[in-house]
Undergrad: 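Have a look at the structure that comes next, please.
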Amino acid sequence: QVQLVESGGGLVQAGGSLRLSCAASGSIFRIGSVGWYRQAPGKQRELVAAITSAGRTTYEDSVKDRFTISRDNARNTVYLQMNSLKPEDTAVYSCNLVVAGWGDYWGQGTQVTVSS
């Protein structure tokens, strides 16, 4: 069983930065793709950024050039560096690990609040 634990959320002023971490138990993390999702109150969950096991990245249009996803396989951790934060970035951010042939795993989420 894989467990994911997010950390790094908090309250920040507009224009500020936060770095989220998603730490995983289990070595299969290294062969999986990881996505960061967010869900704001009253809105559907959306994929913000993703990274494959090979390091290929994708981003939702509104966060391109502001957010950077990266992974450290030695630490079984994926990061989401968020810069130039805006109030509309306020949401619960969760990481998701997909490992082909194994399963689909979610963390508990971390709250990010950006004040104007």
Side-chain angles (χ1 to χ4, degrees):
Q1 183 71 13
V2 176
Q3 292 185 324
L4 304 178
V5 178
E6 299 101 333
S7 61
L11 173 64
V12 64
Q13 289 187 331
S17 299
L18 287 172
R19 188 176 80 155
L20 305 183
S21 299
C22 172
S25 63
S27 59
I28 64 168
F29 170 85
R30 303 174 186 184
I31 62 172
S33 295
V34 178
W36 278 101
Y37 290 77
R38 67 185 179 188
Q39 187 166 22
K43 295 187 176 181
Q44 289 191 331
R45 184 170 60 194
E46 63 176 352
L47 177 63
V48 174
I51 186 166
T52 68
S53 58
R56 185 170 299 175
T57 61
T58 57
Y59 297 92
E60 194 268 329
D61 285 346
S62 71
V63 307
K64 283 180 181 177
D65 300 325
R66 298 190 298 124
F67 290 10
T68 303
I69 189 170
S70 62
R71 67 190 299 161
D72 183 342
N73 286 338
R75 296 178 185 271
N76 282 0
T77 302
V78 168
Y79 304 99
L80 185 67
Q81 177 67 44
M82 307 187 294
N83 299 327
S84 301
L85 283 161
K86 304 175 181 180
E88 51 263 44
D89 294 318
T90 295
V92 175
Y93 285 70
S94 302
C95 61
N96 170 252
L97 170 68
V98 177
V99 183
W102 283 86
D104 178 14
Y105 307 92
W106 288 91
Q108 82 288 353
T110 185
Q111 176 70 46
V112 171
T113 303
V114 184
S115 63
S116 57

Undergrad: Would you say the side chain of F67 lies within less than 4.5 Å of the side chain of L85, judging by non-hydrogen atoms?
TA: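 Yes, at least one pair of side-chain atoms sits under 4.5 Å.
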Undergrad: So which heavy atom on V2 is nearest to which on S25, and how close?
TA: CG1-O, 3.4 Å
Undergrad: For residues V78 and I51, determine if any side-chain heavy atom of one lies less than 4.5 Å from a side-chain heavy atom of the other.
TA: yes
Undergrad: So which atom in C22 and which in W36 form the shortest heavy-atom distance, rounded to 0.1 Å?
TA: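 In terms of heavy atoms, the two residues are closest at CB-CZ2, 3.5 Å.
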Undergrad: Restricting to non-hydrogen atoms, name the atom on S17 and the atom on N83 that form the minimum distance, rounded to 0.1 Å.
TA: OG-OD1, 2.9 Å
Undergrad: Which pairs with one or both residues in residues 48-62 pass salt bridge (Lys or Arg N to Asp or Glu O under 4.0 Å), sequence neighbours excluded?
TA: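 Residue pairs with at least one partner in residues 48-62: D61-K64.
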Undergrad: State whether the number of non-hydrogen atoms from other residues, nucleotides or ligands found under 6.0 Å of Q3 atom CD is greater than 12.
TA: no
Undergrad: Using side-chain heavy atoms (C-beta onward) and a distance below 4.5 Å, is T90 in contact with E88?
TA: no
Undergrad: Transitively linked via ILVMFWY side-chain contacts under 4.5 Å: I31 with F29?
TA: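 Yes, I31 connects to F29 through the hydrophobic network.
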Undergrad: Can you establish whether the number of heavy atoms outside D65 located under 6.0 Å from its atom CG is more than 12?
TA: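 Count not over threshold, so no.
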Undergrad: Heavy-atom distance under 4.5 Å between the side chains of N96 and V34, does that happen here?
TA: no
Undergrad: Among residues at least two apart in sequence or on other chains, which ones pass side chain to side chain donor-acceptor pair (under 3.5 Å) with D89?
TA: R38, R66
Undergrad: Is it the case that one hydrophobic cluster holds both L47 and V92, taking links as side-chain heavy atoms less than 4.5 Å apart, direct or via other members?
TA: no
Undergrad: Are the side chains of Y59 and T68 in touch, meaning some heavy atoms are under 4.5 Å apart?
TA: yes
Undergrad: Compare every heavy atom of R71 with every heavy atom of T52, then report the nearest pair and how far apart it is.
TA: O-NH1, 3.0 Å
Undergrad: Determine, stepwise, if the pair N73 / R75 fulfils side-chain hydrogen bond (donor to acceptor under 3.5 Å, both in side chains).
TA: CA-CA 5 Å; N73 286 338; R75 296 178 185 271; over 6 Å; no
Undergrad: When rounded to the nearest 0.5 angstrom, what distance separates CG in L18 from CG in L80?
TA: 9.5 Å
Undergrad: Can you list every ring-ring contact (aromatic ring centres under 6.0 Å, His included) pair that touches residues 71-110, not counting sequence neighbours?
TA: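 Only Y37-W106 qualify under ring-ring contact (aromatic ring centres under 6.0 Å, His included).
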Undergrad: Ignoring hydrogens, what is the shortest heavy-atom contact between S33 and S53? Give both atom names and the distance.
TA: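 That would be OG-N, 4.2 Å.
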Undergrad: Are side-chain heavy atoms of E6 and S94 found at a separation under 4.5 Å?
TA: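 E6 reaches S94 side chain to side chain.
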Undergrad: Search all heavy atoms of A91 against all heavy atoms of Q111 and return the closest pair with its distance.
TA: O-NE2, 3.4 Å
Undergrad: So, does T113 use its side chain to make a donor-acceptor pair with the main chain of L11 at under 3.5 Å?
TA: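 Such a contact is absent between T113 side chain and L11 backbone.
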Undergrad: With a sphere of 6.0 Å drawn around CZ of R30, does it hold more than 12 non-hydrogen atoms of other residues, nucleotides or ligands?
TA: yes
